[in-house]
Amino acid sequence: MDKPKPSNFIEQIISQDLRDNTTERVVTRFPPEPNGYLHIGHAKSICLNFGLAEEFGGDCHLRFDDTNPAKESDEFVQAITEDIRWLGFQWHGEIRYASDYFEQLYAWAEELIVNGKAYICELSPEQTREYRGTLTEPGKNSPHRDRPADESLTLLRQMRDGDIEEGRMVLRAKIDMASPNMNLRDPVLYRVKQSGHHRTGDSWHVYPSYDFAHGQEDAIEGISHSICTLEFADHRPLYEWFIQNLPVPSTPRQYEFGRLNLNYTVTSKRKLKQLVDENHVDGWNDPRLPTLAGLRRRGVPAAAVRDFCDSLAVAKTDGTVDMAQFDHFIRQNLNDHSPRAMCVLNPIKVTLGNWPEDQQIQLAVPNHPTREEMGERHLPFGQVLYIDRADFTEDTSLSKKKFKRLVLGDYVRLRGAHVIKADAAVHDEAGQVIEILASIVLNTVGENPPEGIKPRGVIHWVAAHDCVPCEVRLYDRLFSDPEPDAGDKNFLDSINPASLTILSNCVAEASLTTAQVGTTYQFEREGYFCLDDRDGTTERPIFNRTISLRDTWSKK
RNA sequence: UGGGGCGUCGCCAAGUGGCUAAGGCAACGGGUUUUGAUCCCGUCAUUCGGAGGUUCGAGUCCUCCCGCCCCAGCCA
């Protein structure tokens, strides 16, 4: 049977490589640097790399690119590992680290020196910059470029042994100081770092640069297709230079695709780190952040993240995807899978005059409107209830089309329960409604009311005698500007001051006492919410709003 | 004034010279509905950054022009 037509350029390349036998087995890798948390942009790369391996029956490795000890830590390794698992992917074999290959990489560095292809340069960082030239002018050779190999070797060993201070000298490849590609103007291969490494401790004092490490790591692991983002396209000639000039065990190929950009947020590790470090948000897992940890805490299902990523094109254009597209996949997943429940965010008391004070019943309601297999639950019902303030008005002039909720003197359906009529409103001294006196229309549970009674709509409610007082946190976008970091803007200036609204007097239906971390519920007519996994108590849980329900009427 | 990459609907995109330029998101109409949700039905590019050219035929090939992104870390 014919395979469906390849849908992106990388799949086309791989298919061709398989047909040509230039590739025996497809092996990809996801190579994060453990210097921050993963975000939605990384998710695209993860889904791509793991997805390709699965599609072509190959493997995908997880490899930490830990070549810069100054910025990396085990905390990030743990967090990243957890996030990838949460997303639903399992890497092949053990977790790998660039630091696993330090010995081999170092040996290759010496080999390059011996072959006259690398040298120790003692130019200061400032001088190095001057010698490099500019975009339009060629650079000039370092005065150390032609020093004897023995001398470079000796110096490199001193660097390795920790006898050289940071910045004093580096190992550089001898390529072409006049290359129009800046990456080929004798790039740095090794530099001295005296900070300890999160895995190798203080056993090394020199660390390979990204360029010197990445391709060789790929080659060691037998990566067939090394996929990275567009900004590395200029590095490809260098990537290939090492593969050609070193006795590496395989010949991986690098391909670049456009990274994901989303509006109304930032996806740059540096900026995310700044938001966290300067306490503009509440940690890396703040629900307003596009980090995987943040999305998880917000209640976004991993499947929604995957579906979203799979909907994105793998191409070389670098566009900005509408946050609305991500929202769509979140709602789509949640609508299908979320158990329904009711929670009143801004409660107002309703007393049913024609309901016996001591009569309390249970009403069975389905957990999902169309999926019967999700079962049903029982809602306590009694004389005193709570409904939302926004669902009641004394303004009797509002048309049925304009206000499909409870109006003084009119009828409304309580979801899953009776039709009621608002008979009177009780006010406090300030004139604010503090209680609604209402009455039920008999025999209207699961039944239409008698002829002539037309409920204006359906509203949610909670029984006062058996409910869960709770806090609800409403999250909105973190930035009010669609492009918070465009041009010379300071992204901190467009932080949305209303990105978090805390509602502390909410009441949820009794069944939510057993709400589980990890499942997102639909609070009917409000949106999707999940139990916060950090704050809150059993007596007074906290729910995070994952996303509101689609709202096509409020703006009209 | 160097090199690399990219320009198809408001956003993301398919399209690999030959039937009427896919699809998703958004938007806008209408229907169903015990969630103003979901669901359903419909509308939404005579034109592919621009101008020339090749061809019976061009979004796809050629030329020139315009615009946007990336590169001058001992970051990745």
Side-chain angles (χ1 to χ4, degrees), chain A residues 5 7-9 12 31-33 35 65 67-68 70-72 121 123-125 128-130 132-139 166-172 178-185 187-193 206-207 209-211 213-214 228-237 256 258 260 263 269-270 311-313 315-329 331-332 335-336 340 342 365 368-370 401-405 412-417 419 444-448 455 457-460 482 522-527 548-554 556:
Chain A
K5 202 174 174 189
S7 58
N8 72 52
F9 80 100
Q12 292 180 33
E33 184 189 11
N35 67 344
D65 224 344
T67 56
N68 185 358
K71 296 183 175 176
E72 299 154 3
C121 176
L123 253 24
S124 69
T128 304
R129 195 182 321 123
E130 286 160 22
R132 187 154 31 227
T134 69
L135 296 177
T136 52
E137 305 156 32
E166 290 188 21
R168 268 294 285 116
M169 57 184 76
V170 293
L171 178 68
R172 293 226 256 166
S179 172
N181 182 343
M182 301 297 285
N183 296 117
L184 264 22
R185 321 248 263 225
V188 170
L189 271 36
Y190 265 94
R191 73 285 209 204
V192 175
K193 292 273 179 188
V206 288
Y207 293 89
S209 63
Y210 165 84
D211 286 308
H214 208 92
C228 61
T229 44
L230 254 25
E231 67 269 28
F232 290 100
D234 285 343
H235 294 245
R236 194 182 338 119
E256 312 86 23
L260 166 67
N263 58 19
K269 274 197 201 169
R270 204 210 99 229
S311 82
L312 301 168
K316 294 203 171 208
T317 41
D318 60 345
T320 301
V321 176
D322 259 321
M323 188 62 90
Q325 190 162 330
F326 186 30
D327 291 346
H328 165 77
F329 284 97
R331 291 197 178 99
Q332 178 178 279
N335 179 55
D336 286 349
R340 309 289 123 126
M342 290 193 281
V365 294
H368 193 280
T370 56
K401 186 154 180 103
K402 191 137 191 183
F403 195 80
K404 303 167 82 164
R405 314 177 190 187
V412 80
R413 156 80 64 186
L414 294 178
R415 167 119 257 226
V419 170
T444 48
V445 176
E447 302 289 338
N448 285 329
V458 181
I459 63 172
H460 58 289
Q522 184 193 99
F523 289 176
E524 294 198 67
R525 299 210 315 133
E526 293 288 358
S548 65
L549 245 32
R550 191 156 164 269
D551 178 355
T552 52
W553 56 275
S554 67
K556 285 180 188 172

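Naming: A, B, ... by sequence-line order, numbering from 1 per chain.
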Any N or O donor-acceptor pair under 3.5 Å from the base of [N] to the side chain of [X]?
X      : N     : answer
A/Q522 : B/U35 : yes
A/Q12  : B/U16 : yes
A/Q325 : B/G24 : yes

Atom pairs, protein N/O to nucleotides 70-73 of chain B N/O, distance under 3.5 Å:
residue : atom : partner : partner atom : Å
B/A72   : O2'  : A/R132  : NE           : 3.3
B/G73   : OP2  : A/R132  : NH2          : 3.1

List in chain and number order the residues that pass side-chain hydrogen bond (donor to acceptor under 3.5 Å, both in side chains) with A/D327, two or more places apart in sequence or in another chain; answer none if no residue qualifies.
->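 Not a single residue meets the side-chain hydrogen bond (donor to acceptor under 3.5 Å, both in side chains) criterion with A/D327.
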
With A/E231, which residues qualify under side-chain hydrogen bond (donor to acceptor under 3.5 Å, both in side chains), at least two apart?
->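 With sequence neighbours excluded, A/E231 shows a side-chain hydrogen bond (donor to acceptor under 3.5 Å, both in side chains) to A/T229, A/R259, given in chain and number order.
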
Holding to ring-ring contact (aromatic ring centres under 6.0 Å, His included), I want the full list of residues that pass it with [X], two or more places apart in sequence or in another chain.
X      : answer
A/F523 : A/F529, A/F543
A/Y210 : A/H214, A/F232
A/Y190 : A/F212

What contact category does [X] fall into here, base, sugar-phosphate, or nothing, at under 4.0 angstrom with non-hydrogen atoms?
X      : value
A/G167 : base
A/V365 : nothing
A/T444 : base
A/L184 : nothing
A/G457 : nothing

Among residues at least two apart in sequence or on other chains, which ones pass side-chain contact (heavy atoms from CB on, under 4.5 Å) with [X]?
X      : value
A/A315 : A/T317
A/A417 : A/L363, A/F381, A/L414, A/W461
A/D234 : A/N181, A/N183
A/V365 : A/R377, A/L379

Quick one, give me the B/S/- string for nucleotides 38-45 of chain B, reading 5' to 3', where B means a protein heavy atom under 4.0 Å from the base and S means that only happens at the primed atoms, P, OP1 or OP2.
-> S-------

Polar atoms only, N or O, under 3.5 Å: list the protein pairs with nucleotides 47-50 of chain B and their distances.
none

Considering only B/G24, B/C75, B/U35, which nucleotide approaches the side chain of A/R340 most closely?
->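 Minimum distance to the A/R340 side chain belongs to B/U35.
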
